[in-house]
Amino acid sequence: KDLHDHYPFHDRNLDTAAQQVNRNLRQTRPPLMTSTTSSVKRDASEMMTSNLPNGNLDATIAAAPSSSSSARCRRRPLSRRQRGSLSTLLTRKSPFGNETGSLPIGEFDSSVDNNGDSGASTSGSSLVRNAKILVVGAGGLGCEILKNLAMSGVVRDVVVMDLDTIDVTNLNRQFLFRSTDVGHSKAECASKFINTRCPWMNVVPYHGKIQDKDAEFYRQFKVVISGLDNVEARRWLNGMINNLVEFDSDGDPMPETIIPLVDGGTEGFSGQSRLILPRITSCFECSLDAFTPSAAVPLCTIAETPRIPEHCIAHAMVLQWPKEFPNKKLDGDCPADMKWVHERAVERADRFGIPGVTYMLTLGVVKNIIPAVASTNAIVSAVCVNEAMKVLSFCSQSLNTYMMYMGSEGIYSHTFVYEQKETCPVCTLHTHHLSLPSTTTLNTLLQQLCDGEFRLKAPSITSSSKTLYMRSPAVLEKATRGNLDKPLKELMISGEELVVTDPVFHETSLSLVVTFT
């Protein structure tokens with residue numbers, strides 16, 4: 001059987017030799033499980049050649065009768081591993097090319113030249129090898145994504161971004177890190193590991209916030225894979241990628257300016273992966289209603305770089321409590337326990353200059369820590385990289401547009417089309433209407449924008465004639481602060497269009513028409 005796998009043509013002498021090899025293997029070798037694969041292959045090779053007429057496999061092949069298939073015999077066929085590789089698949093025609101799917105992006109080209117190399121620059125292999133990929137996040141999901149990209153065998157240039165440093169609690173699932181890496185940048189350690197282990201890769205790290213990079217930085221990538229662990233950062237990235245799209249004279253998106261965004265996320269035994277084609281499919285903001293506001297805190301982000309009050313509370317509960325009370329379980333219903341956690345959280349928040357740690361918030365966070373499950377990360381990251389390969393090479397049908405994995409209910413995933421929201425402030429040009437009493441203050445309006453469907457964080461607002469309130473710079477904020485307590489009727493007229501900006505939208509503005517009731 002092994003002989004025919006490598007030399008797939010029919011010859012009676014070789015059939016006889018193969019049968020003799022199999023008999024000798026059964027008689028002389030112990031069970032295969034007691035020997036290494038390499039030793040079995042070596043001994044099998046020696047037995048094969050010893051039973052061939054000339055004692056030489058190549059000589060026997062050369063002496064084989066000529067036939068119409070002899071031309072094919074001269075070139076060694078691909079091994080099982082080669083036949084299943086992505087590099088090989090990208091050079092073969094496919095009946096399931098991207099153009100045949102429900103979300104067609106491009107036409108698959110499997111052309112190769114006479115030497116077996118990728119043909120035109122539009123071939124699937126060339127498109128992937130020449131593509132520059134951005135991976136945002138190098139945590140539990142990011143490590144899996146980087147590993148999958150490296151082991152695909154066709155990806156070369158990757159940039160990885162992450163703000164966090166490595167904590168000892170990361171080591172149980174973020175396998176690109178070692179104990180000696182604790183305290184160092186996740187992005188830098190992950191890129192170093194991949195580049196060392198996989199020398200064909202060129203992974204460039206960036207340690208910092210995604211908001212620190214401008215539009216020109218993001219324009220250089222062919223696809224962005226997001227492994228972020230919080231909603232606000234994903235909203236900002238979604239806004240940035242959508243803003244990069246340019247339109248032609250007819251108002252249609254220009255294909256060369258569309259950068260696909262593959263977004264992945266996990267929470268315990270559940271996970272999701274989605275493909276976002278900016279200005280074509282629904283974006284992350286369209287599905288914001290599916291993310292109910294919660295005090296839940298990602299466990300892997302609390303130890304080294306706290307950014308919000310919840311991180312400080314989780315640090316006191318998860319890391320400080322076991323050290324102080326190793327034999328006592330934290331009781332969320334015990335006032336004394338909650339008071340201790342609250343006081344420790346306040347101390348940590350003061351140390352990092354983070355306001356907002358309250359006793360009530362402490363009670364909410366204690367019962368909502370998200371567990372991190374390595375198998376969920378592995379499954380979701382595999383889907384993310386799979387979709388990235390599809391949109392780069394067009395080798396198969398793209399996901400349209402959302403995949404949900406529910407591991408707590410078994411090995412089950414559900415795919416469906418997430419429709420574009422007609423009133424989305426990011427991927428549509430929609431003017432929103434709001435009816436309010438004329439006595440409503442500007443501050444109340446801004447608070448409603450933060451607590452309502454838009455979930456803004458720090459909105460600024462202007463009218464057609466003047467600036468009503470601007471968060472920055474500090475001089476302008478001070479000058480417009482007095483408008484916050486004024487009723488809207490003193491600042492604008494009924495039916496006037498207002499422009500609202502917010503950091504979560506990047507450079508996108510929200511058009512709002514306020515009518516007095």
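Keep in mind the model is a prediction, meaning the values are calculated, not measured.
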Can you tell if the side chain of [X] reaches within under 4.5 Å of the side chain of [Y], non-hydrogen atoms only?
{"X": "Val262", "Y": "Ser273", "result": "yes"}
{"X": "Phe193", "Y": "Cys143", "result": "no"}
{"X": "Glu387", "Y": "Ile225", "result": "no"}

Kindly write out the residues that satisfy salt bridge (Lys or Arg N to Asp or Glu O under 4.0 Å) with [X], not counting sequence neighbours, or none if the list is empty.
{"X": "Lys457", "value": "Glu232"}
{"X": "Arg219", "value": "Glu216"}
{"X": "Asp162", "value": "none"}
{"X": "Asp157", "value": "none"}

For [X] and [Y], work out which heavy atoms get closest and say how close.
{"X": "Val160", "Y": "Gly137", "value": "CG2-O, 4.2 Å"}
{"X": "Lys329", "Y": "Trp321", "value": "C-NE1, 3.9 Å"}
{"X": "Leu456", "Y": "Asp502", "value": "CB-OD2, 3.3 Å"}
{"X": "Tyr418", "Y": "Ala290", "value": "OH-CB, 3.9 Å"}

Any donor and acceptor pair, going by atom type alone, linking the side chain of Asp181 with main-chain N or O of His184 inside 3.5 Å?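 Pair absent, no side-chain N/O of Asp181 close to backbone of His184.
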
Any residue meeting side-chain contact (heavy atoms from CB on, under 4.5 Å) with Ala378, in chain and number order, not counting sequence neighbours: Glu144

May I ask you to check whether Gln272 and Asp263 show a side-chain donor-acceptor distance below 3.5 Å? yes

Would you kindly say whether Tyr206 and Glu188 are connected by a side-chain donor-acceptor distance under 3.5 Å? no

Name every donor-acceptor pair, under 3.5 Å, that has one atom in a side chain of residues 345-357 and the other anywhere in the protein, sequence neighbours excluded.
from: Glu347; atom 1: OE1; to: Arg344; atom 2: NE; distance (Å): 3.3
from: Glu347; atom 1: OE2; to: Arg344; atom 2: NH2; distance (Å): 3.0
from: Arg348; atom 1: NH2; to: Ala303; atom 2: O; distance (Å): 2.8

State which residues pass side chain to side chain donor-acceptor pair (under 3.5 Å) with [X]; sequence neighbours excluded, sorted by chain then number.
{"X": "Ser287", "value": "Arg274"}
{"X": "Asn243", "value": "Thr508"}
{"X": "Asn242", "value": "Asn238"}

With Tyr359 via ring-ring contact (aromatic ring centres under 6.0 Å, His included) - residues at least two apart: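 His342.
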
Set of ring-ring contact (aromatic ring centres under 6.0 Å, His included) partners for Phe217, sequence neighbours left out: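 Residues passing ring-ring contact (aromatic ring centres under 6.0 Å, His included) with Phe217: Phe221.
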
One pair to check against side chain to side chain contact (heavy atoms under 4.5 Å, CB included): Met240 and Lys213. What are the steps and the verdict? CA-CA 10 Å; Met240 166 61 83; Lys213 295 296 186 180; over 6 Å; no

May I have all residue pairs that pass side chain to side chain donor-acceptor pair (under 3.5 Å) and include part of residues 422-443, sequence neighbours excluded? Thr441-Thr444

Exceeds 12 heavy-atom contacts within 6.0 angstrom, atom NZ of Lys192: no

